[in-house]
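Throughout, protein chains are lettered first and strands after them, A, B, ... in sequence-line order, and every chain is numbered starting at 1. The shown structure was predicted, so the numbers you read here are calculated from the model rather than taken from an experiment.
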There are 4 protein chains.
Amino acid sequence: MVLLMRAKNSSSEQRASGRTFTESARRAQIVQAAIEVIAEAGYAKTSFAKIAKQAGLSSTGMISYHFKGKDDLMHEVIAEVMRVAQAYLVPRIEAAEGYRGRLRAFIESNVELLTVYPKYLPALIEVLTNLKGDDPHRIGYAGALKAMMDVQEQRMREAQAAGEFRDFDAQVMVTAMRGAIDGVITRSVHDPDLDITACGRELADIFDRATRRTP
Amino acid sequence: MVLLMRAKNSSSEQRASGRTFTESARRAQIVQAAIEVIAEAGYAKTSFAKIAKQAGLSSTGMISYHFKGKDDLMHEVIAEVMRVAQAYLVPRIEAAEGYRGRLRAFIESNVELLTVYPKYLPALIEVLTNLKGDDPHRIGYAGALKAMMDVQEQRMREAQAAGEFRDFDAQVMVTAMRGAIDGVITRSVHDPDLDITACGRELADIFDRATRRTP
Amino acid sequence: MVLLMRAKNSSSEQRASGRTFTESARRAQIVQAAIEVIAEAGYAKTSFAKIAKQAGLSSTGMISYHFKGKDDLMHEVIAEVMRVAQAYLVPRIEAAEGYRGRLRAFIESNVELLTVYPKYLPALIEVLTNLKGDDPHRIGYAGALKAMMDVQEQRMREAQAAGEFRDFDAQVMVTAMRGAIDGVITRSVHDPDLDITACGRELADIFDRATRRTP
Amino acid sequence: MVLLMRAKNSSSEQRASGRTFTESARRAQIVQAAIEVIAEAGYAKTSFAKIAKQAGLSSTGMISYHFKGKDDLMHEVIAEVMRVAQAYLVPRIEAAEGYRGRLRAFIESNVELLTVYPKYLPALIEVLTNLKGDDPHRIGYAGALKAMMDVQEQRMREAQAAGEFRDFDAQVMVTAMRGAIDGVITRSVHDPDLDITACGRELADIFDRATRRTP
DNA sequence: AATGAATGAGTTTTCATTCAT
DNA sequence: CATGAATGAAAACTCATTCAT
């Protein structure tokens, strides 16, 4: 009995939130590898085999061991990218002043993110694009992004009500802005000469002019 | 365009460019089915099986018989969409006056095209984004699109030189515009409530404001 | 056009009920192989690989090509065995006279069936046993057997009402009879010395005595 | 039986037959879980993963650690069920009088055992039917059961010699009886409405009538 | 003694492509 | 020209088992 009791304390691995330290590390490692493969090969050509190879794992079974399935892994990819993106974007946006300032900050830090994590947003775009019509957790997947876009729509309407932005269809504006940013991000993957910072500035100019009241 | 018109010659086994009439019909039928499947299911989930089913064909062998391979079929999908898009866009753009007018015409007719061929541009986007890093005819594929975008860049520079457009990075502007249009197009597939005409008008407003000289 | 019309008539394969002649042959061949493997190795150790090997097929993909999945194949195994069993049993049972005679005929021809198709009923028992708690088409699977057992229960109650059988619980009697027959069938698989005809006679004696009114 | 009673000796690390007390406890726990999973899911769908989950263990490694392999675990399942069954059946059978009485006692206590250990006999049946053609300890597995059935055959022949039972094939009778009992046991797993005691009585009636001399 | 991460063989399934008819 | 059966590689996933800690 005593032996049994002791066992639980002394042995093996520290845990936080139901997962072992090393398991979390493996999961993270696999997610990283997945992000890289997705960004480079595209979602359609991403397979467990490629991810395993990228992660230096001996078999695809390893991935199935740590993730419930392909969907589960993709979900984690999305979660990881969103987490990193949020951590990067939110303080930068909040540091900006006024609706115009925050719009510019949003666009510029989105693009800047490419210099810090060049594969993250491209991977996110790939995954979200290809998971579009997938029934089961559709809301869960694109949901977080949808929520972000809804928030932005709301902010734009506030800016319109405050007289700082002109009168446009906020939904279309957000879609256009997202699409324009994604366009630059996608282009950045296979065009290493692209001056990303300049792109951010230009994009911000574009949507500043597109949204602002008069001048 | 002229080539298109010339296509149908008459002989007892009507041929054009080495293909029988019925074979061309079959090919067209398969390409149509492919466009629909790609737009609805996404590139990653498009298979010969689904395309055959959509086309009312009993076997996938039929597709391999008419196309040299999957890449060949995709190539044809791209060519078909580009042909239709050109036929729709070019006269509308050319009918417009001035750089501003042509920019607006370009954006609006791109989006309008969705009402006539709702699956065409979505399919094109799917294919082009997923064929990115692909081996053989990569230049041929994205090349055509790249050429189109280069042309637009050139036009924008002309407009800037003419003093009609303000001073911006033409490459970024084209990328942003393309991305914004694609965003709306992609959204249109699974959002039937979208007011497409309004979207076109709004998008055109956005890039008119983003490009024009005086506020 | 004429060419197209002609095509449908002259070409390829005769059809009956939506399946080609050769496809039906392949399906039958696979079902046969499945029956043999199941009877010999048991359901738990039956795999597409073994079935393909038994059927002389080069790959397991072939099986998936002809059947929608493992469940579909098992469904066909059940259907095939039931079809053969019905064809064998029904005329023999109906040729018998009186409730006692038909009961005896039922049992004896069940067991006799082993001499004609030694693997059929063993395979059926394996499949039905192991598909027990399987949600989806459970009713469809065991359903046919359940129906047969219900019919027998009904017959027994009629025989009781007619005063030919004594008063017992018909459900338990049918379960016992089915179990007893299955016991003999199962034993027959790995005990080739078993005198099957004698077993049938003995089994029939047992249930004749168990059911009849006085003696 | 006697061995069972003797098992718990006392020493500071209590051992019996080379095993620590806690190890025996773990083994027993795993065997229990295995019995439940096998009875509920069927042998074919029983995996170490499910057993570990049922036992509240975090990994399947635990099972491999305590058992030499899947076959070893199954061997233990059989042994455990046989031990419990013996302990339940033997005294009840021996308390009965005469061959007829003992036959009835055998059948009724077999079925009664379901009320005390509902999963034990179902699990045994699953394992034994699915281990049929299995290599290593086949004789050891089915051997014990075979021995039991041989004993019963012998008893029946004695009863026949004593003039208490009529003249039938003892082997077939035992097979039939075993099959009939197993039929009821199997049915009991997923049919909670079954009146088990009534089933036992009816089954006993059936085989009493089937075996006894005078009608 | 116990843990849980790792492994690699094995399972079903899907796919594009080929080929005899 | 067209068919559909066949193929085999590759996919995702499961499994029992091993091993360092």
Side-chain angles (χ1 to χ4, degrees), chain A residues 3-4 6-8 10-13 15 19-23 25-27 46-52 57-73, chain B residues 13 20 22-23 26 45-52 57-71 73, chain C residues 3-4 6-8 10-13 15 19-23 25-27 46-52 57-71 73, chain D residues 20 22-23 26 45-52 57-71 73:
Chain A
L3 271 165
L4 269 180
R6 227 175 6 158
K8 297 266 158 180
S10 65
S11 81
S12 56
E13 295 279 359
R15 287 161 171 290
R19 259 193 257 288
T20 293
F21 171 71
T22 57
E23 177 170 13
R26 265 273 174 272
R27 282 174 65 95
T46 294
S47 66
F48 276 17
K50 279 185 189 143
I51 296 170
L57 298 168
S58 60
S59 79
T60 68
M62 190 77 273
I63 299 172
S64 290
Y65 176 76
H66 286 287
F67 297 88
K68 226 169 62 187
K70 201 179 187 183
D71 285 0
D72 187 30
L73 174 55
Chain B
E13 256 298 8
T20 294
T22 56
E23 173 164 15
R26 272 267 179 276
K45 302 205 168 126
T46 294
S47 65
F48 276 19
K50 277 185 191 143
I51 295 171
L57 267 51
S58 54
S59 91
T60 66
M62 190 76 272
I63 299 172
S64 289
Y65 178 75
H66 284 288
F67 297 87
K68 227 169 61 186
K70 199 181 187 183
D71 285 358
L73 173 55
Chain C
L3 270 165
L4 270 180
R6 231 180 356 165
K8 297 266 160 179
S10 65
S11 80
S12 53
E13 296 279 0
R15 285 162 174 290
R19 259 192 257 288
T20 293
F21 171 72
T22 58
E23 177 171 13
R26 266 270 175 277
R27 282 174 65 95
T46 295
S47 67
F48 276 18
K50 278 185 190 144
I51 295 171
L57 298 167
S58 59
S59 79
T60 69
M62 190 75 273
I63 298 172
S64 290
Y65 175 76
H66 286 287
F67 297 87
K68 228 169 62 188
K70 201 180 188 182
D71 285 359
L73 174 55
Chain D
T20 295
T22 56
E23 172 163 16
R26 270 269 180 274
K45 302 204 168 125
T46 294
S47 66
F48 277 19
K50 279 185 190 142
I51 296 171
L57 288 123
S58 53
S59 91
T60 66
M62 190 76 272
I63 300 173
S64 290
Y65 177 75
H66 285 288
F67 297 88
K68 225 170 63 188
K70 199 181 186 184
D71 286 357
L73 172 56

What is the distance, to the nearest angstrom, from the CG atom on A/Leu73 to the C1' atom on F/dA11? 15 Å

To the nearest Å, give me how far apart NZ (B/Lys45) and P (E/dC15) are. 11 Å

Minimum-distance nucleotide to B/Ser47 side chain [options: E/dA16, F/dT7, F/dA16]: E/dA16

Among F/dA16, E/dG8, E/dA16, which nucleotide has an atom closest to any side-chain atom of B/Phe48? E/dA16

Which pair of heavy atoms, one from D/Lys50 and one from D/Lys45, lies closest together, and at what distance? NZ-O, 2.7 Å

Roughly how far apart are D/Leu57 CG and D/Tyr65 OH, rounded to 0.5 Å? 13.0 Å

Rounded interatomic separation in angstrom, taking CD1 from B/Ile51 and P from E/dA16: 8 Å

Minimum-distance pair of heavy atoms, taken over all atoms of C/Ile63 and C/Ala52: CD1-N, 3.8 Å

Of all the nucleotides listed (E/dG4, F/dA12, E/dG8), which has the minimum atom distance to the side chain of D/Ser58? E/dG4

Heavy atom of residues 60-69 of chain A under 4.0 Å from DNA chain F: which residues? A/Thr60, A/Gly61, A/Ser64, A/Gly69

Among residues at least two apart in sequence or on other chains, which ones pass salt bridge (Lys or Arg N to Asp or Glu O under 4.0 Å) with C/Arg26? none

Name the stems with DNA chain E in them: runs of three or more consecutive Watson-Crick or G-U pairs, distances under 3.5 Å? E:2-21 with F:2-21

For D/Thr46 and for A/Lys50, find the nucleotide of DNA chain F with the closest heavy atom, then tell me which residue's nucleotide is more 5'. A/Lys50

How many Å lie between CG on C/Leu57 and C1' on F/dA5, as a whole number? 11 Å

State, to 0.1 Å, how close D/Leu73 and D/Phe48 come at their nearest heavy-atom pair, and which atoms those are. CD2-CE1, 4.1 Å

In this structure, how many angstroms lie between the C1' atom of E/dT3 and the CD atom of A/Glu23, rounded? 13 Å

Return the 5'-most residue of the pair A/Arg26, C/Ala49 with respect to DNA chain E, ranking by each residue's nearest nucleotide. A/Arg26

Between F/dT14 (C1') and C/Lys70 (NZ): distance, integer Å: 12 Å

